[in-house]
Amino acid sequence: MERELDKQHLKRPPHWKSVKNNLVFDLKKENYPTPQILETSENFNADLIFKSIHNALGILGAHKKVVIILEDIQWLDQYSVRLLVNLILNNTENALFLLTTSDEAGDSFENLNILVELNKLAVISLKRFNKVEVTGILKKFFKTKKITPQIADDIYEKSRGNAFFLKIYIDVYLHNTDEKLIFKIMQNVLKEKFTGFNQTSIKILRAIAVYNGDIKVEFLLEQLDLKAFELIDAINDLVRFNILEEKRDDTGLKINFIHESYRDFIYEELSETTKLIMHREIAQALEQKLSSRGDIQSYLTLRYHYELANDKVKRLKYEGIILYYHLNFSHELFPSMDDFELTNQTKLKLNNESALNWIHEVEVELQKVINLKGGDQNSDVVKIELLFFYCKGRYLIRCGNYQEGIRMIRRVIVLSERSGDLKSELQGHKQMIIYGIQTNNPEIMLLHITNGIKVARKFNNVLESGVLYRLYG
C-alpha cells in the first residue's frame, strides 16, 4: 500500500507512518514491529490502527481498483483477525480482498464465517495437488527434460501437493539449483510462518526437529516438561496449522513435520549447544528403552543422536553393532535367536570390498577412541573392541583369511578373559571350533570345546554347555 501511495503521489492518512513502521513486519529488512504509537505502551489502540489502514484504502480506492492479497491467514492472531474483519465489513467497492487459508485450518475463524453469512466473503475450496496432478504439472514444466517416476515421487513427497513448495522443488530440478540455496530463500517465508507460536508449541517443534523422524507422542510427553492436555492442545493446533501430521502404525500414534523444510528451519534456528544437549538427552532416553534384543532401526537412530551429541564412544558402540548386523552372520553349527533376528532384519547385502572398507573405517575410529581414552582400561571401549575384533575375525575366517582371522579371535578370547566377559570369551571359543571344523583340525576343535565347556559352566549356560558336550561326544 505504501508503494502505491508513493507511486500515485497521494497524501498519507493520519498516523500512517507510525502504523507502517511499528506494526508491519518487513521481511526484506527483517524489521520487527515495535509498537510506540499509543498514549500508553501497554495496549494497542485498535480504532486508531483500523482508521489509519481504512483511510489509506479509501484514498487508494478513489483513484484505482485495489486488490489486497493475504495468504495463509490461519497464522493470524485474534487481534489481526478482528482488524481484518472490521476492514472487510467497512470495505468500499473499489477494494477486493483475496484470502487464502489451509484446508486443514478448520473452523478457526468464527468472525470470518459470519462474513460469509453476510455475503461479504465467498468461499472457494481448493485441495492440495494429489500425486497424479503433480505428475501432470511436472510434465508441462519439464518439456525438454525427462522426468523419471523417481523424480516425480521425490518432488511430490517433498512438496506434499503444496503449491508453494511444489514451485520451489520444480525450480531445484529444472535449473539444477542447490537445495541449500533454495532453503536460504525459503527462510524468510518460514520465519514469518513460525512467528507468533507460543512457547509450548516451540518446545514441541524443537524436540521433533532434533529427533528427526516419526516420534511417539508418549516419548515426547516423557521428554518435555508439559502436562498431557497442554501437549495435546499444542499438537492439535500444529496439526490444524498444517505444520505437523499424525501417523498411526502397529506401535502407536506418531507425529512428524509435514514438510522437511519446516524441520530444517526449526533445527537450524537452534544453537549448537542446544543441539548437542538435546541429541544427548534423546539418545540416553532411547537407550534406556532399548530391549536386550534391539532392532536395526533403533541402533541406527542411536548412532545418529550420539554422533550429533559428540559422544564418540557411544557412536562407535552402535557403529559396531550395525556392522555386526550388516555382515549378516548366520551359521548352522551354533544357531541362535540373535543370528536369526539380525538375518531377518538386515536388508543391505555387502560385497567383500564394501565390507572390508567398512571394517577398516571402524578400526580407524576405534583406534582414535582408544587413544582418546588412554588405552584399553575403559570398560565401554573394551566392549567395543571385543565386538569389533569378533566381527572382523569371524568375517575373515568366513572369507578364508584364516591367519588374520584367528589372530583376531584369539585377541577376543584374551581380552574377554582379562575383562571377565564370559559371553564374549565363549563366542571366541565357538568361532575357533568352527575354524577347526573348516580346516579339519581336531586338536584345535578339542582344545576350544573343552575350554568352551568350562566357560559356559561358569555362568550356568545350560544350552551352550549341551551343544558343546554333544560336540565333545
Side-chain angles (χ1 to χ4, degrees), residues 69 71-75 98 100-106 124-194 205 208-216 238-251 253-269 296-297 300-301 304 326 345-351 354:
I69 300 175
E71 297 183 289
D72 292 330
I73 62 170
Q74 72 269 16
W75 301 101
L98 293 179
T100 70
T101 183
S102 166
D103 58 356
E104 296 183 21
I124 302 174
S125 297
L126 298 174
K127 297 293 182 183
R128 291 171 180 268
F129 297 115
N130 59 35
K131 198 169 185 178
V132 174
E133 291 168 335
V134 167
T135 302
I137 292 169
L138 293 177
K139 287 180 180 178
K140 291 183 180 180
F141 273 94
F142 292 82
K143 292 180 180 178
T144 59
K145 195 172 183 179
K146 184 180 179 181
I147 281 290
T148 65
Q150 291 78 10
I151 292 177
D153 289 344
D154 187 45
I155 292 177
Y156 176 73
E157 286 302 319
K158 288 180 176 178
S159 68
R160 302 297 292 271
N162 180 294
F164 171 72
F165 290 106
L166 181 58
K167 182 180 184 303
I168 285 175
Y169 287 109
I170 285 175
D171 287 340
V172 169
Y173 281 92
L174 196 60
H175 306 296
N176 295 319
T177 310
D178 187 349
E179 284 198 46
K180 292 182 179 179
L181 178 61
I182 291 294
F183 178 69
K184 289 182 179 178
I185 296 171
M186 291 166 57
Q187 274 187 313
N188 279 342
V189 176
L190 296 176
K191 184 176 289 186
E192 183 182 18
K193 281 185 178 295
F194 288 101
L205 293 174
I208 300 172
V210 174
Y211 189 85
N212 194 23
D214 298 342
I215 184 170
K216 290 184 179 181
L238 292 167
V239 169
R240 179 167 53 82
F241 288 142
N242 219 24
I243 297 295
L244 302 178
E245 63 179 341
E246 296 176 328
K247 301 177 181 179
R248 186 176 291 278
D249 59 20
D250 295 339
T251 62
L253 183 65
K254 299 177 181 179
I255 53 175
N256 201 351
F257 289 97
I258 281 211
H259 298 289
E260 187 68 19
S261 300
Y262 291 164
R263 182 264 166 189
D264 293 342
F265 174 77
I266 295 293
Y267 188 77
E268 291 304 319
E269 289 287 296
I296 188 68
Q297 187 55 51
L300 289 167
T301 301
Y304 167 80
H326 282 301
Q345 291 179 36
T346 303
K347 302 299 181 184
L348 175 64
K349 303 298 181 184
L350 294 174
N351 58 40
S354 298

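Numbers here are sequence positions counted from 1.
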Asks: Which residues satisfy the side chain to side chain donor-acceptor pair (under 3.5 Å) test with Y156, sequence neighbours excluded?
Replies: none

Asks: Show me the side-chain donor-acceptor pairs of residues 133-141 shorter than 3.5 Å, one per line, residues at least two apart or across chains.
Replies:
unit_1, atom_1, unit_2, atom_2, d
E133, OE1, N130, N, 2.9
T135, OG1, K131, O, 2.9

Asks: Could you pull out all residues at least two apart from L300 that satisfy side chain to side chain contact (heavy atoms under 4.5 Å, CB included)?
Replies: I296, Q297, R303, I322

Asks: In Å, rounded to the nearest 0.5 Å, how long is the span from CG of N212 to CZ of R263?
Replies: 3.5 Å

Asks: Apply side chain to side chain contact (heavy atoms under 4.5 Å, CB included) to T251 and list each qualifying residue two or more places apart in sequence or on a separate chain.
Replies: K216, D249, K254

Asks: Atom CD1 of I243 and atom CG of L238: how far apart are they, to the nearest 0.5 Å?
Replies: 7.0 Å

Asks: To the nearest 0.5 angstrom, please state how far the CD1 atom of I170 sits from the NZ atom of K167.
Replies: 8.5 Å

Asks: So does F129 have more than 12 non-hydrogen atoms from other groups sitting under 6.0 Å from CZ?
Replies: no

Asks: Give me the ring orientation class for F194 and F265: parallel if the planes are under 30° apart, tilted from 30 to 60°, perpendicular past 60°.
Replies: parallel

Asks: Taking all non-hydrogen atoms of both residues into account, name the closest pair between H259 and K158 and its distance.
Replies: ND1-O, 3.3 Å

Asks: Ignoring hydrogens, what is the shortest heavy-atom contact between Y169 and S261? Give both atom names and the distance.
Replies: OH-OG, 3.0 Å

Asks: Quick one: ring-ring contact (aromatic ring centres under 6.0 Å, His included) partners of Y304, sequence neighbours excluded?
Replies: H279

Asks: Start with the C-alpha gap between N256 and Y211, add the side-chain angles, then the distance that decides, and say whether side chain to side chain contact (heavy atoms under 4.5 Å, CB included) holds.
Replies: CA-CA 9 Å; N256 201 351; Y211 189 85; over 6 Å; no

Asks: Kindly compute the distance separating CG (L244) from CD1 (I255), expressed to the nearest 0.5 Å.
Replies: 5.5 Å

Asks: Which pair of non-hydrogen atoms, one from I215 and one from I208, has the smallest distance, and what is that distance?
Replies: CG2-CG1, 3.9 Å

Asks: Is the shortest heavy-atom distance from the side chain of I151 to the side chain of F142 under 4.5 Å?
Replies: no

Asks: Would you say that I69 contacts T100 through its side chain, given a criterion of any heavy-atom pair below 4.5 Å between the two side chains?
Replies: no

Asks: Looking at residues at least two apart in the chain, or sitting in another chain, which of them share a side chain to side chain contact (heavy atoms under 4.5 Å, CB included) with I124?
Replies: L126

